[in-house]
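Below is one structure, written out as structure tokens; the observations come after it.
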Amino acid sequence: MNALGPSFAPYVRSSRSLKKLVTPVAHWYADLMGYRKMGLKYDDLQMEELPEVQRALGRLTPREAYDRAHRMKVSLHASTVHKDLPKEQWVSAKDDVRYLKPHIESVIKEDEERAAWDNMTVRRK
């Protein structure tokens with residue numbers, strides 16, 4: 001099991017009828033989760049304790065890292081005062097892009113490649 005977990009998204013995207021059926025439900029569910037009302041993006045919810053996510057966070061550009069820290073600080077404050085942010089500060093669906101996912105995928109791919117190459121054994125003749 002990796003940091004991104006299992007996903008049915010490739011299967012859903014491959015079927016036009018299934019995509020038409022699932023997409024509105026997915027958008028409704030994302031709005032229902034409420035993280036956008038707190039000013040967070042989906043990748044801000046990743047478990048930072050996982051080693052893959054730790055390494056991916058280290059690969060963020062300084063601007064992405066600053067933006068992430070700022071979003072966390074703003075959402076923590078909103079959570080402390082038990083109020084959602086004003087509507088103009090919510091993250092819109094088009095702004096909610098997966099900024100951390102490519103980094104996590106590259107870390108996982110590197111780990112798999114390292115495991116494939118590190119299986120060499122030494123035998124005595």
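Numbering starts at 1 and runs along the sequence shown.
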Just distance, no hydrogens or angles: give the donor-acceptor pairs under 3.5 Å from side chains in residues 81-89, sequence neighbours left out.
none

I would like to know whether Tyr35 and Asp96 meet side-chain contact (heavy atoms from CB on, under 4.5 Å); could you show each step before the answer?
CA-CA 10 Å; Tyr35 64 90; Asp96 189 11; 2.7 Å; yes
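- Under a cut-off of 6.0 angstrom, the local environment of CZ in Arg13 is sparse, with at most 12 non-hydrogen atoms contributed by other residues, nucleotides or ligands.
- Between Leu45 and Met33, the closest side-chain pair of non-hydrogen atoms falls below 4.5 Å.
- Criterion: ILVMFWY side-chain heavy atoms under 4.5 Å apart, direct or through other members. Under it, Tyr42 and Met72 are part of a common hydrophobic cluster.
- Shortest non-hydrogen contact noted between Asp111 and Arg55 is OD1-NH1, 2.9 Å.
- A distance of 8.0 Å separates CG in Leu32 from NZ in Lys37, rounded to the nearest 0.5 Å.
- A search for salt bridge (charged side-chain N to carboxylate O under 4.0 Å, His left out) contacts involving Arg71 returns Asp44, not counting sequence neighbours.
- Using a 4.0 Å cut-off between a side-chain N of Lys or Arg and a carboxylate O of Asp or Glu, Glu105 and Arg98 do not qualify as a salt bridge.
- The number of heavy-atom neighbours closer than 6.0 Å to OH of Tyr99, taken from other residues, nucleotides and ligands shown, is above 12.
- A continuous path of hydrophobic side-chain contacts links Leu57 to Ile104 [ILVMFWY only; heavy atoms under 4.5 Å].
- Counting only distance, with no hydrogens or angles, the side chain of Gln46 and the backbone of Val53 share no donor-acceptor pair below 3.5 Å.
- Remark: Glu110 engages Arg59 in a salt bridge, criterion side-chain N to carboxylate O under 4.0 Å.
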Please table the atom pairs, donor to acceptor, closer than 3.5 Å between any side-chain atom in residues 20-27 and protein atoms at least two apart or in another chain.
unit_1: Thr23; atom_1: OG1; unit_2: Lys19; atom_2: O; d: 2.6

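- Around NZ of Lys41, the count of heavy atoms belonging to other residues, nucleotides or ligands within 6.0 Å exceeds 12.
- The main-chain N or O of His103 is found under 3.5 Å from a side-chain atom of Ser106 such that the two form a donor-acceptor pair.
- One hydrophobic cluster holds both Trp28 and Leu40 under the rule that ILVMFWY side chains link at heavy-atom gaps under 4.5 Å.
- When all heavy atoms of Ser75 and Met38 are compared, the closest pair comes out as CB-O, 3.2 Å.
- Nearest approach of Leu100 to Leu60, heavy atoms of both residues: CD1-CD2, 3.9 Å.
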